[in-house]
**Student:** 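Quick one: the structure is below, and I'll ask about it shortly.
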Protein chains: 2
Amino acid sequence: MLDRLSLNYQTRLCAVIGNPISHSMSPAIHNAGFAELGLDFAYFPCEVDDVKAMLDGMRAMHNFRGLSVTIPHKVAAMQYVDEVVAADRVIGSINTIVKQDGKLIGMGTDGPGALKALTDAGVELSGKVVLMLGCGGAARAIAFTLAQQSGLAELCLLDIDAQMLQGLASDLRTHTDAEICAETMNDGTLAAAMARADLIVHCTPIGMHPKEDATLVPAELFRPGQVVFDIVYNPLQTRLLAEAEARGLKTISGVEMFINQAVLQFEIFTGGPAPEEVMRRVVMERLNQ
Amino acid sequence: MLDRLSLNYQTRLCAVIGNPISHSMSPAIHNAGFAELGLDFAYFPCEVDDVKAMLDGMRAMHNFRGLSVTIPHKVAAMQYVDEVVAADRVIGSINTIVKQDGKLIGMGTDGPGALKALTDAGVELSGKVVLMLGCGGAARAIAFTLAQQSGLAELCLLDIDAQMLQGLASDLRTHTDAEICAETMNDGTLAAAMARADLIVHCTPIGMHPKEDATLVPAELFRPGQVVFDIVYNPLQTRLLAEAEARGLKTISGVEMFINQAVLQFEIFTGGPAPEEVMRRVVMERLNQ
């Protein structure tokens with residue numbers, strides 16, 4: 001069923017676009033999921049610069065079903081779809097496009113994927129103080145999801161870029177009811193925020209391969225009972241998470257968010273439950289290579 | 001190598017567009033050819049109405065290599081490619097688009113496929129009188145190829161549609177050196193043309209499934225030594241060919257042209273020789289089902 005010889009007019013086509021695209025694990029993850037369920041879908045990677053033309057082509061191909069969008073197209077793609085899900089409009093980026101009745105609907109699964117990673121790990125969010133380190137694209141998605149859906153006591157944002165910081169804080173205050181604090185990051189504001197946080201969500205590239213030695217948070221700032229979530233997934237355990245774990249804290253790797261955003265995409269593309277364990281195995285095999 | 005799980009950023013994508021597309025044998029033929037040679041290509045069918053958008057998408061996808069174009073897009077596709085091979089411009093339709101250095105080049109393989117079917121069958125064309133029955137899209141492609149490349153004594157066109165007939169005759173006279181005659185088809189002109197023809201090329205839908213009982217040429221008009229080529233390939237042997245064969249004439253089925261146009265496309269897409277026997281086997285298996 002699932003060899004290339006069987007590609008036929010009923011095969012639902014999916015793709016991931018970005019540039020570069022050679023590193024993307026999405027084709028392996030989704031195709032493994034389709035194979036596991038015996039679904040007649042095929043998912044291929046496309047290096048793309050012209051997002052508008054790509055989406056026009058997706059609209060034209062009647063059997064094209066869904067698209068994953070990765071760097072550098074997550075912001076630009078929004079303007080070429082027919083509709084963006086309300087919750088994602090203010091986030092300002094999308095990573096998923098699905099065709100419904102000929103229309104392209106854009107949405108994001110990074111925020112929901114992060115939330116699912118937290119709840120799957122048994123993290124209670126209601127009434128808690130969350131510290132977000134970094135205010136870039138992924139941070140925006142996660143911040144909005146947490147602010148809208150989790151009943152936080154407070155969401156505290158730190159970033160060294162004052163403009164990005166105040167932009168996100170202002171958008172969160174305008175569009176959610178959450179209690180927001182926002183401060184330019186330095187040693188003092190970081191220490192003060194760490195003293196109050198129940199959950200730390202790290203959304204900067206610090207600690208990512210090939211700079212595994214770096215960490216943003218001095219280990220002495222950790223306090224018992226804190227949970228540390230790092231959206232970096234390469235390496236699977238960053239220095240931040242290793243030091244938190246060494247102090248007995250609960251930690252969650254970015255790979256959980258990565259797997260969950262793919263699971264949610266798969267369910268949007270196919271309209272049914274994803275074979276999460278198979279998808280997880282593909283990711284782990286790739287990351288452990 | 002060639003399952004869907006292995007679709008990757010280096011996989012060269014090809015497709016066929018048309019509407020309807022469910023009947024197309026092209027995906028099975030080309031994918032079998034890629035598999036035979038171990039080439040990392042994937043070919044999928046797409047029902048498409050908006051040809052311009054499809055071609056824009058093809059341009060945007062860096063790993064998109066080639067497109068087959070079928071009914072009803074063979075004429076419209078010409079205006080959306082970046083270049084049409086000179087020989088095909090005056091024919092007025094294309095069935096093949098290949099991307100070279102980011103540009104879409106349109107061309108036709110129906111004419112060359114027909115010529116190859118004739119030469120593979122050992123038919124000598126130089127100095128011969130060819131009678132073409134029908135002046136539609138496929139006839140135009142075949143007529144131009146024969147008029148330009150085969151040193152015919154005369155190319156005689158018959159059609160019941162005087163406007164199409166005179167249009168093709170005029171284009172052939174303008175753009176080729178061949179001796180052209182053109183007459184509106186009726187019992188008298190058909191009998192007269194059959195009396196002079198060495199090769200009859202049948203390019204109308206008469207005799208095609210589900211009207212296998214029909215034939216345009218009364219059997220008594222056949223003369224010894226004539227060759228009869230019918231571009232219809234479903235059924236493999238039309239009534240026209242059966243009656244010609246019963247009189248001892250050499251006959252060539254449209255399936256030979258169909259296979260050869262696919263072989264030529266494959267070679268355009270891949271830049272190397274096609275595994276013709278494998279492609280032929282796929283076509284024959286499908287048609288004998």
Side-chain angles (χ1 to χ4, degrees), chain A residues 1-36 38-64 67 73 80 102 104 278 282, chain B residues 1-36 38-64 67 73 80 102 104 278 282:
Chain A
M1 154 68 95
L2 286 155
D3 58 17
R4 296 188 193 178
L5 294 178
S6 66
L7 289 166
N8 70 90
Y9 72 101
Q10 292 176 307
T11 306
R12 301 293 207 103
L13 303 174
C14 295
V16 56
I17 60 166
N19 191 356
I21 201 65
S22 58
H23 66 289
S24 175
M25 289 190 277
S26 295
I29 298 169
H30 287 285
N31 282 321
F34 299 144
E36 173 70 13
L39 297 175
D40 188 7
F41 277 66
Y43 186 111
F44 47 87
C46 283
E47 185 185 283
V48 162
D49 293 318
D50 186 343
V51 179
K52 180 182 185 304
M54 176 68 205
L55 296 191
D56 286 345
M58 177 178 172
R59 242 184 236 100
M61 298 157 84
H62 294 182
N63 50 336
F64 209 115
L67 198 66
H73 301 317
Y80 303 122
L104 301 189
V278 168
V282 171
Chain B
M1 154 67 96
L2 286 155
D3 58 17
R4 296 188 192 177
L5 294 177
S6 67
L7 288 166
N8 69 90
Y9 72 101
Q10 291 176 307
T11 305
R12 300 295 204 102
L13 303 175
C14 296
V16 55
I17 60 166
N19 192 356
I21 201 65
S22 59
H23 66 287
S24 175
M25 290 189 278
S26 295
I29 299 169
H30 288 285
N31 282 320
F34 300 144
E36 174 70 15
L39 297 175
D40 188 6
F41 277 66
Y43 186 110
F44 47 86
C46 283
E47 186 184 282
V48 162
D49 293 317
D50 186 342
V51 179
K52 178 181 187 305
M54 175 70 207
L55 296 191
D56 286 345
M58 177 178 171
R59 242 184 235 101
M61 299 157 83
H62 293 182
N63 50 336
F64 210 115
L67 198 65
H73 301 318
Y80 303 121
L104 302 189
V278 168
V282 171

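Lettering follows sequence order; numbering is per chain, from 1.
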**Student:** Provide the closest heavy-atom pair for A/A42 versus B/L7 in the form atom of the first, atom of the second, distance.
**Tutor:**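 In this case the closest contact between A/A42 and B/L7 is CB-CD1, 4.1 Å.
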**Student:** Top residue by heavy-atom pair count (under 4.5 Å) with chain A, among B/Y9, B/Y43, B/F64, B/F41?
**Tutor:**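 Winner by heavy-atom pair count: B/Y9.
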**Student:** Say whether, by atom type as modelled, one donor and one acceptor occur between the side chain of A/R4 and the main chain of B/F44 under 3.5 angstrom.
**Tutor:**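 Checked: no pair found.
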**Student:** Spell out the residues in residues 16-24 of chain B that have some non-hydrogen atom less than 4.5 Å away from a non-hydrogen atom of chain A, in order of number; otherwise answer 'none'.
**Tutor:**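 Near chain A, by residue number: B/N19, B/I21, B/S22.
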**Student:** Using every non-hydrogen atom in the two residues, find where B/L13 and A/C46 come nearest and quote the distance to one decimal.
**Tutor:**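 Shortest heavy-atom separation between B/L13 and A/C46 comes out as CD1-SG, 4.0 Å.
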**Student:** Do any of residues 27-35 of chain B have a heavy atom less than 4.5 Å from a heavy atom of chain A, and if so, which, in residue order?
**Tutor:**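 Under the 4.5 Å heavy-atom cut-off, B/P27, B/N31, B/A32, B/A35 qualify.
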**Student:** Exactly one of B/D49, B/D50, B/V48 should register a side-chain contact (heavy atoms from CB on, under 4.5 Å) with A/H62. Which one does?
**Tutor:**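 So, applying the side-chain contact (heavy atoms from CB on, under 4.5 Å) to A/H62 and each of B/D49, B/D50, B/V48, only B/D49 qualifies.
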**Student:** With respect to chain A, which residue among B/M58, B/R59, B/M54 yields the maximal number of heavy-atom pairs within a distance under 4.5 Å?
**Tutor:**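 Most pairs with chain A among the choices: B/M54.
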**Student:** Taking the side chain from B/D56 and the backbone from A/G57, do they hold a donor-acceptor pair closer than 3.5 Å?
**Tutor:**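 Absent.
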